Amino acid sequence: MQFAYGARIIGVGAGLPSSIVTNEDLTKLVDTSDEWIKTRTGISARRIVKDHETATGLAIEAAKDALAFAGIGGDTIDLVIVATSTPDNLYPSTACQVQAAIGAHRAPSFDMEAACTGIVYAISVGQQFIGSGTYKRVLVVGVDIHSRFLDWEDRNTCILFGDGAGAFILEQTEKNDNEMLATYLQADGNGAHLLWIPNTGTQYPHAGVEPPKTVQRHLQMNGRAIYEFAVNAVPEAVRQATEAAGISVDDIDYMVPHQANIRIIRAAADRLGLSEDQIITNVEEMGNTSAASIPIALWQAISRGEVKIPSMLCLVGFGGGLTWGSAVVRWTAVDQRLSQSRKETAGATAGAGSVD
Ligand code: COA
């Protein structure tokens, strides 16, 4: 796909609930153990919202964090896209509320849904608008609060998910400075029944039908089938995007996968010939935060100084729908708060020895 303009990512941010729920905590709710959960998933803990916390609130926090990372104001954003499967309300969209909170006065705003792959779909949509020359700066947020749609008595599912929001800021560049080298999106609705949350849309309540006493509106999953799907989808998506970018898998410095399960991530990395230190993961601390997991994982790795700059990243998502997709991105963004504080420190040091 040829675009008139290039794009790059200039900011990444996160919004996390403060409450940490450990595997040990979950043993009080279901028949499980820290050992089982760690061995099968790699998860030790996850963040879970308190009653007063909302998807919109987390999305706004992530957006503000990404703006601060990029060192820009919300009023410079031209378009807001929020990827979520668990919005606070059917409407207004989460994106409209983020737009108001960050003061992006002139930005059209909308939500989109591609389950856990939502953030990859959203950056691809953002790239199209930038590449065509329609918008110069696009804020993309992924947010999900799965904890409100989990059966806390079902050990098969409640151990897997955490809540959170993550954000990216995309900016237009000249064509020869393009850093978003390729995206790849896929879907297969034949697998829709493998991962879904029933009775959460207009299918229930049916008009004129007496509602049953208890309505099942918890996440349903065929874990084995999703596992099989994911270990094939991730390598395929990485190969497709690298090929479209005109590079080889060997040129990838880091894979930033959707954080669902460390076994899925390692099996996929193995098939691709990627080593452990090329995988960016925080599933141990966060669990599966759905559409938010890729930016949260990258944000955390960058905050810890674990990502060399510049580097070649492959972001790769998979999830309900079924959906999967990837993006090859040359990462050059530096947290502007850090460069600012370095400048201040350098100034203070220079000033300390100087004589007025
Ligand atoms: N604690 C203890 N035992 C548990 C358990 C838990 N939290 N959850 C399930 N079990 C039990 C089951 O009841 C079952 O017992 P049974 O054999 O007596 O019926 C057994 O463990 C299941 O074992 P197995 O099928 O071998 O588990 P697994 O290795 O497939 O791991 C998942 C299960 C869910 C961790 C794994 O299939 C998975 O990660 N799938 C992908 C899920 C995912 O990522 N979803 C989101 C995608 S976006």
Side-chain angles (χ1 to χ4, degrees), residues 21-46 48 83-86 113-122 142-147 149-164 166 185-189 191-197 218-237 256-270 279 281-284 286-297 315-326:
V21 174
T22 64
N23 291 347
E24 210 52 49
D25 296 329
L26 293 181
T27 63
K28 293 168 193 129
L29 299 177
V30 288
D31 180 15
T32 190
S33 65
D34 178 46
E35 205 260 329
W36 193 98
I37 302 173
K38 267 198 207 141
T39 318
R40 303 294 171 116
T41 70
I43 300 168
S44 296
R46 68 286 291 144
I48 299 290
T84 184
S85 320
T86 54
E113 194 266 295
C116 299
T117 322
I119 192 76
V120 177
Y121 269 61
V143 60
D144 271 307
I145 295 188
H146 266 89
S147 63
F149 298 98
L150 294 174
D151 178 353
W152 290 98
E153 293 179 0
D154 175 12
R155 66 181 184 172
N156 291 291
T157 52
C158 76
I159 56 143
L160 296 173
F161 293 88
D163 303 326
L185 304 180
Q186 261 303 347
D188 179 8
H193 60 287
L194 297 174
L195 182 57
W196 70 306
I197 311 182
H218 296 131
L219 180 139
Q220 310 281 301
M221 181 186 70
N222 179 333
R224 275 278 172 92
I226 291 292
Y227 189 98
E228 288 302 318
F229 149 68
V231 295
N232 290 312
V234 172
E236 185 216 318
V256 194
H258 168 47
Q259 308 287 310
N261 179 322
I262 196 66
R263 286 160 59 214
I264 293 174
I265 295 170
R266 285 197 180 127
D270 215 39
I279 307 169
T281 177
N282 65 353
V283 68
E284 186 183 5
M286 299 290 170
N288 178 347
T289 56
S290 197
S293 86
I294 291 174
I296 294 176
L315 319 180
V316 53
F318 58 89
L322 300 171
T323 53
W324 63 107
S326 51

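This one's a predicted model, so the numbers in the text were calculated from it and none came from an experiment. Counting convention: from 1, in listed order, for ligands and their atoms alike.
- Atoms of ligand 1 lying under 4.0 Å from any heavy atom of Ile159, numbered from 1 in the order shown and given with element: 7 (N).
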Test side chain to side chain donor-acceptor pair (under 3.5 Å) applied to Asn261 and Thr41, step by step: CA-CA 5 Å; Asn261 179 322; Thr41 70; 5.6 Å; no

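- Closest to atom 34 (C) of ligand 1 by heavy atom, among Gln259, Glu35, Met221, His258, is Met221.
- Considering backbone and side-chain atoms together, Gly223 places an N or O closer than 3.5 Å to an N or O of ligand 1.
- Per-atom contact check: atom 19 (O) of ligand 1 does not touch the protein, criterion being a heavy-atom distance below 4.0 Å.
- Annotation: atom 30 (O) of ligand 1 to nearest protein heavy atom, Arg224 NE, 3.2 Å.
- For atom 44 (O) of ligand 1, the nearest non-hydrogen atom from the set Ser290, Cys158, Ala260 belongs to Ala260.
- For ligand 1, the atoms sitting less than 4.0 Å from at least one non-hydrogen atom of Thr41 are 35 (C), numbered in the order shown with element in parentheses.
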Ile37/Thr32 under side-chain contact (heavy atoms from CB on, under 4.5 Å): CA gap, chis, key distance, verdict: CA-CA 7 Å; Ile37 302 173; Thr32 190; 3.5 Å; yes

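- By the side chain to side chain donor-acceptor pair (under 3.5 Å) test, Thr117 is found to be paired with Thr323, residues two or more places apart in sequence or in another chain being considered.
- Using a 4.0 Å cut-off to heavy atoms of Tyr227, the atoms of ligand 1 that qualify are 38 (C), 40 (N), 41 (C).
- The proximity of Thr32 to ligand 1, defined as any non-hydrogen pair under 4.0 Å, involves the side chain as well as the backbone.
- Counting the atoms of ligand 1 from 1 in the order shown, those under 4.0 Å from a heavy atom of Cys116 are 48 (S).
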Derivation and outcome, side chain to side chain donor-acceptor pair (under 3.5 Å), residues Asn23 and Ser44: CA-CA 6 Å; Asn23 291 347; Ser44 296; 4.8 Å; no

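- Ring to ring, His258 and Phe318 are close: their centroids are under 6.0 angstrom apart.
- Remark: the Thr281 side chain and the Gln259 side chain contain an N/O donor-acceptor pair separated by less than 3.5 Å.
- Contact record, Val316 with Ala237: CG2-CB, 3.8 Å, taken as the closest heavy-atom pair.
- The residue from Arg263, Arg40, Arg155 that puts a heavy atom closest to atom 26 (O) of ligand 1 is Arg40.
- In summary, the side chains of His193 and Asn222 do not present any donor paired with an acceptor at a separation below 3.5 Å, with no hydrogens or angles considered.
- Nearest heavy-atom pair, Cys116 versus Ser290, reported as atom, atom and distance to 0.1 Å: SG-OG, 3.1 Å.
- Protein heavy atom in closest approach to atom 33 (C) of ligand 1: Trp36 CH2, 4.0 Å.
- Using a cutoff of 4.0 Å between basic side-chain nitrogens and carboxylate oxygens, Asp270 and Arg266 are not scored as salt-bridged.
- The shortest N or O to N or O distance between Asn288 and ligand 1 is not below 3.5 Å.
- Checked by distance only, ligand 1 and Ser33 stay at 3.5 Å or farther apart across all their nitrogen or oxygen atoms.
- With respect to atom 38 (C) of ligand 1, the closest heavy atom belonging to the protein is Asn261 ND2, 3.7 Å.
- Near Ile226, the atoms of ligand 1 lying under 4.0 angstrom from a non-hydrogen atom of the residue are 41 (C), 43 (C), 45 (N), 47 (C).
- Side-chain contact annotation: Asp144 with Thr86, donor-acceptor N/O pair under 3.5 Å present.
- Counting only heavy atoms of the protein, atom 9 (C) of ligand 1 lies nearest to Asn156 OD1, 3.1 Å.
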